[in-house]
Amino acid sequence: MHARPFRRARVGHGRARVPARTHVRTHRARVRRAALLAAPLLLGTAALTSGPAAAQAVSPASPASPASPPSPPAATAAGCSTPYSITQTLEAGTTWRMCWHYDANAGLVLDNVSYQPKSEPRPIQVLTSAKLAQIHVPYDDGGNEYDDLTGQSFAQGLQTLDPGECPGGTIKSVKVPGAWDPDHPDVNGLCVTTRARGHAYRLGRYPGETTKVQQLQGKDLLVYTVNKTGWYEYIVEWRFSADGTINMQVGATGTLSPVDYDAGDGRGWPLGKGAKDYATSHSHNVFWRLNFGLDGSSANRVEQFDSTTTAQSGALTPKTKTVRTPVAKELAGDAGPTRWWRVVSNTGKNKDGHPRSYEIVPGRSSKYTGRAFTKHDVFFTEYNKCEQFASNNLANCGAGAGASVDRWVNGQPLRHPIAWVNIGYHHIARDEDQEPMPVHWQGFQLAPRDVTAMNPLTPPELSGHNGHVE
């Protein structure tokens, strides 16, 4: 494992030098019971993992409530046994399939994610694997900085879910590697359910028309866990829509740390009566690691798109030009109002003959510029099994390799690209964060682009409108 530099941690109003990954979190951490403080040292990703390879050691899924989701098709996701398989059919016959396992540092990992609209003869693989790659939390006063996944027992903080938290779904049992309580490693902590999302589409009438109003109310497959880290609880949520869209987000809730109420640094926000008690502001920089496998192949390519608008003389409308640039080598990219990226299949095309791809659509982000690995919104690196976490990477990737994603962008050709997405949130506390704290979300979307020739939810009477309107 890489040893990280010592950082200063506040103890009361003084400071003490302690190891970065093992110090007691005085700003944010609750004092855990002695048994929890005796948790074993986390090992590397490969060493502690529960999932298909450890199927005999994990309890089968347990129902969360009398209500249950619709019966899935007989076929399950490729590469895993039934307890580790998730299959759900949504509106218009779209079916999502995937495997899951639980990692000792990343928590929930999704594998072999595929999408099959009713019109497609076979599943279309989208992702080989997808997971959180870090939650980096630096405090504004410069006193504390945390890597919650690889330094603060994120995975071991998996919470037991109440049946009411997974309405109409199933709560699966998870064997937590390196559990704080080794006698009780199984946690009913993975919810698989569906949730209404409103309109999937709507096409109304023009005045004087009597045609049918086309509208469809959609549901998402929702897969999530809750992980407690210090005073925070992170809701790690994955949503899969019938039109092929994937939304991934993290919601932070729990409570504010009361030991922050010291007004010592002048950077916080007053809470409570008057302006005596302050909560220290801080950032949550969340990273995801996406290993695409479009159409079952890791040989995908990356493209960047930039649009520029130029004013014309007189009253003419300004012109906008969009340029596509192949990303042939590793990249640290910055998003912009008119910049976006897509990952493109080299093997699969839709029925119109267009290459299938997925577009990365970042959500709102507050970029933290204090570290090199947080200065960019997207990284594309060539696959390396050793490179698993965006910062404080636990495995030793060799001399000079470094322990963060910025160090891995070194000009290699992209033949098997890994996408790293960074979404930041600057948390300046408010009175309403007391207590419990309302959930604040940060995340992004993968949007299908030419995966199917038309909207996979198109009703039969409109199916002839491909490229033109009859």
Side-chain angles (χ1 to χ4, degrees), residues 1-9 17-23 25 28 39-49 103-107 109 129-139 142-156 177-178 227 229-230 234 250 282-291 329-334 367-412 414 416-424:
M1 291 194 241
H2 286 287
R4 298 296 296 262
F6 282 75
R7 299 189 185 118
R8 295 185 298 172
R17 293 175 65 84
V18 291
R21 293 211 306 268
T22 57
H23 66 69
R25 301 172 56 168
R28 300 173 57 231
L41 180 66
L42 298 182
L43 302 180
T45 304
L48 288 176
T49 300
D103 181 82
N105 298 291
V109 182
S129 68
K131 67 176 184 179
L132 282 183
Q134 195 55 270
I135 302 177
H136 169 250
V137 187
Y139 274 65
N144 286 303
E145 182 177 9
Y146 304 97
D147 296 303
D148 279 354
L149 265 64
T150 53
Q152 297 297 328
S153 301
F154 169 88
Q156 285 63 50
N227 293 74
T229 306
Y234 294 113
V250 169
H282 52 277
S283 293
H284 297 258
N285 304 309
V286 181
F287 290 83
W288 289 259
R289 180 183 185 273
L290 305 176
N291 183 356
K329 295 183 179 181
E330 294 174 317
L331 171 74
D334 296 309
K367 191 179 297 185
Y368 177 78
T369 59
R371 295 293 182 190
F373 57 84
T374 60
K375 288 182 178 180
H376 301 287
D377 302 299
V378 175
F379 297 85
F380 293 101
T381 62
E382 178 63 7
Y383 172 81
N384 184 331
K385 184 178 180 180
C386 180
E387 298 168 356
Q388 295 292 325
F389 296 94
S391 66
N392 196 15
N393 191 58
L394 294 178
N396 186 344
C397 296
S404 57
V405 65
D406 60 293
R407 299 288 301 277
W408 305 330
V409 178
N410 52 23
Q412 290 188 74
L414 283 179
H416 179 174
I418 300 297
W420 308 76
V421 181
N422 168 31
I423 303 293

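Given the structure is predicted, the values throughout are model-derived calculations rather than measurements.
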Sequence neighbours excluded, the answer for salt bridge (Lys or Arg N to Asp or Glu O under 4.0 Å) partners of D406 is none

- Query: Do the charged groups of K367 and D377 touch, with an N to O distance under 4.0 Å?
  - Reply: yes

Report yes if the side chains of W288 and V250 come closer than 4.5 Å at any heavy-atom pair, otherwise no. yes

Give a yes or no on whether the backbone of P177 and the side-chain of Q156 come within a donor-acceptor separation of less than 3.5 Å. yes

Taking the side chain as every heavy atom from C-beta outward, state whether W408 and N393 have any pair of such atoms under 4.5 Å apart. yes

Residues passing the side-chain contact (heavy atoms from CB on, under 4.5 Å) test with A155, sequence neighbours excluded, are Y102

T150 and S391 have their tightest heavy-atom pair at OG1-O, 3.8 Å

Hits for salt bridge (Lys or Arg N to Asp or Glu O under 4.0 Å) against K329, two or more places apart or cross-chain, chain-then-number order -> none

Worksheet item: Are side-chain heavy atoms of I423 and H284 found at a separation under 4.5 Å?
Response: no

Test item: R407 side-chain N/O and G400 main-chain N/O as donor-acceptor pair under 3.5 Å
yes

Those residues at least two apart in sequence (or on a different chain) that pass side-chain contact (heavy atoms from CB on, under 4.5 Å) with H376 are A332, D334, F379

Does any non-hydrogen side-chain atom of Q412 lie less than 4.5 Å from one of N410? yes

V109 and A106 have their tightest heavy-atom pair at CG2-CB, 4.4 Å

To the nearest 0.5 Å, atom NZ of K131 lies from atom CD of Q388 at 3.5 Å

- prompt: Checking salt bridge (charged side-chain N to carboxylate O under 4.0 Å, His left out) for the pair E145/R371: CA distance, chi angles, key distance, verdict?
  reply: CA-CA 11 Å; E145 182 177 9; R371 295 293 182 190; 2.7 Å; yes

Value for CZ (F154) from CG (D103), rounded to nearest 0.5 Å, stands at 10.5 Å

Item checked: E330 (side chain) donor-acceptor with E382 (main chain) under 3.5 angstrom -> yes

- Report yes if some heavy atom in the side chain of N422 is under 4.5 Å from a heavy atom in the side chain of T374; otherwise report no. yes

Please tell me if the side chains of I418 and E387 come closer than 4.5 Å, counting only heavy atoms from C-beta onward. no

Heavy-atom closest pair (F389 atom, L132 atom, distance to 0.1 Å) is CE2-O, 4.4 Å

Heavy atoms of A133 and L149 approach each other most closely as C-CD2, 3.9 Å

task: Apply side-chain hydrogen bond (donor to acceptor under 3.5 Å, both in side chains) to the pair T229 and D148, showing each step before the final yes or no.
output: CA-CA 7 Å; T229 306; D148 279 354; 4.9 Å; no

Heavy-atom closest pair (Y368 atom, S283 atom, distance to 0.1 Å) is CD1-OG, 3.8 Å

In terms of heavy-atom contacts, F380 and A419 come closest through CE2-CB, 3.7 Å

Hey, are the side chains of L394 and N105 touching, using non-hydrogen atoms and a 4.5 Å cut-off?
yes

Residues passing the side-chain hydrogen bond (donor to acceptor under 3.5 Å, both in side chains) test with T381, sequence neighbours excluded, are W420

Across all chains, not counting sequence neighbours, the ring-ring contact (aromatic ring centres under 6.0 Å, His included) partners of F287 are none

Item to complete: Would you check if the side chain of N392 reaches a backbone N or O of S404 as a donor-acceptor pair within less than 3.5 Å?
Response: no

